Structures are given as structure tokens and as C-alpha cells.
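To start, the structure under review is shown below, and the notes come after it.
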Protein chains: 2
Amino acid sequence: MADIKSPANPLFLREDELRQGIEMLFFAYRDFTAKADQTLAQFGFGRAHHRVIYFVGRNPGMTVSELLGILHITKQSLSRVLSQLVHQGFITQQPGSTDRRQRLLSLTDKGAELERKLTEEQRALIARAYRSAGADAVEGFRKVLLGMIEEGDRRRFRPSLPR
Amino acid sequence: MADIKSPANPLFLREDELRQGIEMLFFAYRDFTAKADQTLAQFGFGRAHHRVIYFVGRNPGMTVSELLGILHITKQSLSRVLSQLVHQGFITQQPGSTDRRQRLLSLTDKGAELERKLTEEQRALIARAYRSAGADAVEGFRKVLLGMIEEGDRRRFRPSLPR
DNA sequence: ATTTTATGTCAGCCATATTGACTTATTTGT
DNA sequence: ACAAATAAGTCAATATGGCTGACATAAAAT
């Protein structure tokens, strides 16, 4: 029962290692979002707008349901943000061809431009981190993050089988 | 100029690799916070309370300024959350011995108990991811995250020199 | 024909962040 | 000793982004 903080005690090391992971994740995410948030503010948008723009840009023609499934928010929450983006001409909706209840979402040129501007900053941040950490580290980074993601969403990151 | 999507083109690979990084970070952070948020809701607290409890638990006797420096929010934002936690007996404040303007923050037993309960879930999630990814991957994970963190905060994660 | 699904909308609530202005106590520097 | 800077707190107003509940419409599925 003694020596609970000794470095010879693997349980303590593990505990500390995990806490460092928690904290690094917090700091990294904090800094990861900081720059884009500034840019968004210039447009009167928030982080929620960015997420919508980002995922619609990634999945042109996606449905509202799919988007909700990714964001894990309610449709009421999405609604406000999405309709702003539609009304201001960043996103277009068009009825699905097989299921006409759907409103398939895509970026307009204006939307794509904003997406680029926003994501560029984050890409640069990650690129810098990747470069300085090296390819092996990136491989490990991906492995760990993948393990933290809810099972159903992991397939998004495995080779092929995009959807 | 042709073949822009070929796997032989390192620029395309890089772009896609970076986007995957962005998305994995989003999904991992989303799932990382989801469980603790549920627990917090039972206490009528939000994520902000968790952050305060977490960092005060990690740095007993820390000042309000230090906490603000970590969270990157304004003191007005912190104020509400912090005073709730103090009034409800999760955190104690005591004047600094050398500088009596300071209110040094610590968890009460009640606060430490809540901290444990909240962090346990996140620790378990990370532990699972670490275990399944392996030690080398964890090393890489840490390296990349460290590279994403604002220079000034990196020292928190380097051996010794704790403060 | 009925039920289920995809989407949208209205209304209200709450948490968390912001800015700006001001106060108090205490320390620091000239 | 006095002025300036600092640590912390507070009041007021505002915005974003979540939530629930209730309800509506159109189209698909059974």
C-alpha cells in the first residue's frame, strides 16, 4: 500500500500517462479551433457553422440525416445554423432523386471558398505537427485516435469502403 | 499538372491525410467529452465546470490567473462557474501566503470525488485506445499532439520542469 | 390506407462564451 | 510615502449553440 507515487509503480505511471493524454487532447483541441474561430467571427459565424461547412464540403450531396448523425446534435440545433448558411448562399439544397423528401446538401462556390479559408488554417497546424513528429508518429497518432472513436464511425477512416 | 489524384502524387496524399487528421480529431473529441457531459448534467453542471474541477485537481493551490491562462477564457466567464463550485462546496479558496490578493484554489473532498468520477470515464476511454494501439503508437500520438499545442503550453508535457 | 420517415419550424430554456466598466485589496516601483 | 500595477471580483448586456416539446408536411414503405 506504500509507495503509491513511486515511479517504480506501473499503476502510477499509467495514471499519469493517461492524465497527460487527457490534457494534451484538451490543449491541442483548444489551439486547433482557436484560429478558425477568429476567421468565423469575421463572418458572424461560430464553430457550428464551420462543422456544417466542413462536412458538407467533404460529402457533397449528403442528406440532413447523415449530417445530424455525424454532428450528434438535434435537428433543431442544426436547423438554425444550416438555414443561415443556405439563406446567405454558402450551401445549396436540392431534393433527392430517389427519395424526394431529402434535401441534398452541397457547398456553393462561395461556400467552398469559405471552407478552404477555414480549413487551410487547421490543415497548416496539423501539417506542421505531422512534419515535426514524423511519419511513424503520425501512424501512431491515427491509431490512438481511431481507438477513441465510437465504433460506428471508425469505418470512415479505414481504407476504401468510404460510405 | 495531370494526374492530380494519383497516389503517386505526394501532394494529394498529404491533403487527404491532413483532412483525415482533422476529422479524426473532431470525432475523437466528440466522443471523448460525451460521457462526462452526461454525468455533469446530473449535477446541473456543464463542461466548463469539468475543466475547472479537472485543472484545480491537477494543480492544487493554483491561482485564478493560472487557471484563466490555461482555459483561455475571460475572468467573467470563469467567475460564474467558479463561484458555483465554491458555493456548492466543490472548491475552496484561501488567500496566498506571500501574495494575499491571490485566492488559491483547491478541491474539497467532495470536489475530489466528483473529479474522480468524471475523469474516470475519460481515463478509461483513453486507456482502451492506448491499449489497443500499443506503446509505440502512444508515443507518436503524444508527439503529434505536442506539436499542435501552442509553444508556451508545451512545457507542461516535457519531463520534469513541472511549472 | 395507414404508418413511418425525412425534414422543417415555432417557442422557450440553459450553458457558456464575449465586451466594457468599475471596485477592492494588495503589492511593487519610484 | 505615494503612485501605479496587479489579482480578483462584480454588474450589465449580448451572442452562440446546445436542449426539449410540440406540431406540420410530404413522401416512402408496409
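Treat the numbers as computed from the prediction; the structure is a model and nothing was measured. Note on naming: letters A, B, ... go to the chains in the order of the sequence lines (proteins, then strands), and numbering restarts at 1 for each one.
- Contact annotation: B:Ser65 side-chain N/O to D:dA8 OP1/OP2 distance is under 4.0 Å.
- Side chain of A:Gln122 to main chain of A:Phe32: a donor-acceptor pair is present (N/O by atom type, distance under 3.5 Å, no hydrogens or angles).
- Side-chain N or O atoms of B:Arg30 include one that pairs as donor or acceptor with a backbone N or O of A:Ile70 at under 3.5 Å.
- One atom, NE2 of B:His50, and another, P of C:dA17, lie 14 Å apart when rounded to the nearest Å.
- Atom pair B:Leu71:CG and D:dA8:C1' shows a separation of 16 Å (rounding to whole Å applied).
- Side-chain contact between A:Val56 and A:Phe90 is absent, with no heavy-atom pair separated by less than 4.5 Å.
- If you check C:dA17, D:dA8, D:dG17 against the side chain of B:Ser77, the one that comes closest is C:dA17.
- Atom CZ in B:Arg30 sits roughly 16 Å away from atom C1' in D:dG18 (whole-Å rounding).
- For the pair A:Arg19 and A:Glu15, the salt-bridge criterion is met [side-chain N within less than 4.0 Å of a carboxylate O].
- Among the nucleotides D:dG17, C:dT19, C:dG8, the one closest to any side-chain atom of B:Thr74 is C:dT19.
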What's touching nucleotides 27-30 of chain C from the protein side, N or O pairs under 3.5 Å?
residue, atom, partner, partner atom, Å
C:dT27, OP1, B:Arg100, N, 3.1

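- Between B:Tyr54 and B:His50, the two ring planes are perpendicular [angle over 60°; tilted spans 30° to 60°].
- More than 12 heavy atoms of other residues, nucleotides or ligands sit less than 6.0 Å from atom NZ of A:Lys110.
- The aromatic rings of B:Phe27 and A:Phe157 sit perpendicular, their planes meeting at an angle over 60°, well past the 30° parallel limit.
- If you take CG of A:Leu40 and P of C:dA17, they are 17 Å apart, rounded to a whole angstrom.
- Across the protein-nucleic acid pair, B:Leu78 atom CG and D:dA7 atom C1' stand 13 Å apart, rounded to whole Å.
- Applying the side chain to side chain donor-acceptor pair (under 3.5 Å) definition to pairs two or more places apart or across chains, none involves residues 85-94 of chain B.
- Partner of A:Glu23 under the salt bridge (Lys or Arg N to Asp or Glu O under 4.0 Å) criterion, out of B:Arg156, B:Arg154, B:Arg58: B:Arg58 alone.
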Set out, line by line, the N/O atom pairs under 3.5 Å between protein and nucleotides 11-16 of chain D.
none

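- Atom C1' of nucleotide C:dC14 and atom CD of B:Gln84 are separated by 11 Å, given to the nearest angstrom.
- Taking five base pairs at each end of the helix from C:dA1-D:dT30 to C:dT30-D:dA1 and finding the rotation axis that steps the C1' atoms of four pairs onto the next four gives two axes whose angle is 30°, to the nearest 10°.
- Side-chain polar atoms of A:Arg103 and A:Thr63 form no donor-acceptor pair below 3.5 angstrom.
- We find that CZ of B:Arg103 is positioned 8 Å from P of D:dT10, with the value rounded to whole Å.
- If you check D:dT20, D:dG9, C:dT7 against the side chain of A:Gln102, the one that comes closest is C:dT7.
- Atoms CG (A:Leu82) and C1' (C:dG8) sit 10 Å apart, rounded to a whole Å.
- Every pair passing side chain to side chain donor-acceptor pair (under 3.5 Å) that includes a residue from residues 130-146 of chain B is listed here, sequence neighbours excluded: A:Gln20-B:Arg142.
- OP1 or OP2 of C:dA17 sits under 4.0 Å from a side-chain N or O of B:Arg51.
- The side-chain hydrogen bond (donor to acceptor under 3.5 Å, both in side chains) test applied to A:Asp31 returns no partner, not counting sequence neighbours.
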